[in-house]
Amino acid sequence: MFAAERRQLILEMVRANGAVSLRELARVVQTSEVTVRRDVRALEAEGLLDRRHGGAVLPGGFTRESGFPQKSHLATAEKTAIADLAAGFVEEGEAIVVGAGTTTQELARRLARVPGLTVVTNSLLVAQALAHANRVEVVMTGGTLRGSNYALVGSGAEQSLQGLRVSRAFLSGSGLTAERGLSTSNMLSASVDRALVQAAAEVVVLADHTKLGSDTMFQTVPTDVITRLVTDDPPAHDDRAATELQALADQGVQIAVAGAQGGSGNVAGGEPAPARQQRRDVPLPSPRRGQVQGTAPSLRSLGEQAPGSERARVADLRRR
């Protein structure tokens, strides 16, 4: 395929979907991500699209929000791997809240077999995924239906969450940065997400690598409120994603990385692949003051070595 043909196809895909990852573009045009990145850069120079971290969007994509049909075709393998891993953090008998989004929908499909689980959600898609789960109780918020992402929003949704307390909140969004945390393009969705966060003792963000480093209009979860990030393994050449992950870890966010490649795909019936086989832990600084404990045993923290270092320092002072 000639460069002109590739770029025309890339442009058509972005126009049809609103946003497309470089990995997906490379797969469709059957070339490397390096070549696709060069094509995207050329199209951006012509003003035909905007580059975003790990992908391309229509011009003005900072304020634009793709609808569910477009989002559901983006980074599907990554979302599946993230959902598989995140499901491993949910325990039998827990009460949790799950926000709206295509990644949280994937998570819900894997929660259907967790006995004694109670799920509070404002997402029709999450509720639908759990509708036939005999051992899972689903509680829906009130509110006004927002058709673009099948979520209940507005004052009714927010008021129904008042007085609620659960162990964990699982949320997704449009962008994630160490500076601002999780953000979304819609004000009503952001407001409900903030209410979901207020109801939870621990906040788990589900975000694939294409969202790392992206910043959108409305902040939903500040970085210092995020307990854990579950993401996929960025491509080796994606320095920006790796830098953002390290910056998040430096601020005390626990990072769990799922392997999106190597056999991790959509599993029929919502049966999750073993989460432990997909987990790659990132060393972390010591927990922030006031942060909820309960980290999974396989997550390592540099802060665990602090007591020994302190004893050595005291012993040294005594010798002096």
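Numbers for residues simply follow the sequence, beginning at 1.
Separating the CG atom in L182 from the CG atom in L176 is a distance of 6.0 Å, to the nearest 0.5 Å. With values rounded to the nearest 0.5 angstrom, E78 atom CD is found 10.0 Å from T103 atom OG1. The distance from atom CD1 of I226 to atom CG of L248, rounded to the nearest 0.5 Å, is 6.5 Å. In this structure, CZ in R228 is found 8.0 Å from CZ in F170, a value given to the nearest 0.5 Å. Rounded to the nearest 0.5 Å, atoms OG1 (T121) and CD (Q128) are 12.0 Å apart. Rounding to the nearest 0.5 angstrom, the gap separating the CZ atom in R51 from the CG atom in L43 is 11.0 Å.
A donor-acceptor pair under 3.5 Å is absent between the side-chain atoms of T227 and the main chain of V204, judged by distance alone. A donor-acceptor pair under 3.5 Å links the side-chain atoms of R194 to the main chain of Q219, judged by distance alone. Side-chain atoms of S183 never come within 3.5 Å of backbone atoms of D215 as a donor-acceptor pair (strictly under, hydrogens ignored).
Annotation: E44, atom CD; neighbour count of heavy atoms from other residues, nucleotides and ligands within 6.0 Å is above 12. The 12-atom threshold is exceeded at CD of E46, counting heavy atoms of other residues, nucleotides or ligands nearer than 6.0 Å.
Between I96 and E91 there is no side-chain heavy-atom pair separated by less than 4.5 Å. Side-chain atoms of L145 and L152, non-hydrogen and from C-beta on, do get closer than 4.5 Å to each other. At least one side-chain heavy atom of T177 sits less than 4.5 Å from a side-chain heavy atom of E244. Under the 4.5 Å side-chain criterion, counting only non-hydrogen atoms from C-beta, V197 is not in contact with T220. Between Q254 and E202 the shortest side-chain heavy-atom distance does not fall below 4.5 Å. At least one side-chain heavy atom of S189 sits less than 4.5 Å from a side-chain heavy atom of N149. Taking 4.5 Å as the limit, every side-chain heavy atom of L85 sits out of range of all side-chain heavy atoms of I82. Two residues are said to be in side-chain contact when any heavy atoms from C-beta on lie closer than 4.5 Å; L212 and R240 fail this criterion.
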T216 and R180: CA distance, side-chain angles, deciding distance, side-chain contact (heavy atoms from CB on, under 4.5 Å) verdict
CA-CA 10 Å; T216 51; R180 289 187 70 217; 5.8 Å; no
Please assess K79 against D208 for the test side-chain contact (heavy atoms from CB on, under 4.5 Å), listing each intermediate value before the final yes or no.
CA-CA 6 Å; K79 292 174 182 177; D208 64 78; 4.1 Å; yes
So F218 and D193, side-chain contact (heavy atoms from CB on, under 4.5 Å) or not? Walk me through it.
CA-CA 11 Å; F218 301 98; D193 282 353; over 6 Å; no
Apply side-chain contact (heavy atoms from CB on, under 4.5 Å) to residues L48 and R7 and explain how you reach the verdict.
CA-CA 10 Å; L48 298 175; R7 293 172 185 176; over 6 Å; no
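A cation-pi arrangement is not found for R168 relative to F89, the charged atom failing to lie both closer than 6.0 Å to the ring centre and inside a 45° cone about the ring normal.
With hydrophobic clusters built from ILVMFWY side chains whose heavy atoms lie under 4.5 angstrom apart, V34 does not share a cluster with V36.
Under 3.5 Å, the side chains of T184 and N186 contain no donor-acceptor pair of N or O atoms. Side chains of K211 and T231: no donor on one and acceptor on the other come within 3.5 Å.
The minimum heavy-atom distance between V97 and A169, with the atom names listed, is CG2-CB, 3.2 Å. A100 approaches A151 most closely through the heavy-atom pair CB-CB, 3.6 Å. Across V126 and A108, no two heavy atoms sit closer than the pair CG1-CB, 3.8 Å. For N122 against V192, the heavy-atom pair with the smallest separation is ND2-CG1, 3.4 Å. For E33 against A26, the heavy-atom pair with the smallest separation is CG-CB, 3.8 Å. Across every non-hydrogen atom of A86 and L206, the tightest pair is CB-CD2, 3.6 Å.
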Please output the side-chain donor-acceptor pairs of residues 156-166 that fall under 3.5 Å, not counting sequence neighbours, one pair per line with the distance.
from	atom 1	to	atom 2	distance (Å)
E158	OE1	S191	OG	3.2
E158	OE2	S191	OG	2.7
S160	OG	G142	N	3.4
S160	OG	G156	O	3.4
S160	OG	A157	O	2.7
R165	NH1	Q198	O	3.4
R165	NH1	A200	O	3.3

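Residues D84 and R110 are paired through a salt bridge, judged by an N-O separation under 4.0 Å between the basic side chain and the carboxylate.
The only member of L111, L125, V98 that meets side-chain contact (heavy atoms from CB on, under 4.5 Å) when paired with T104 is V98.
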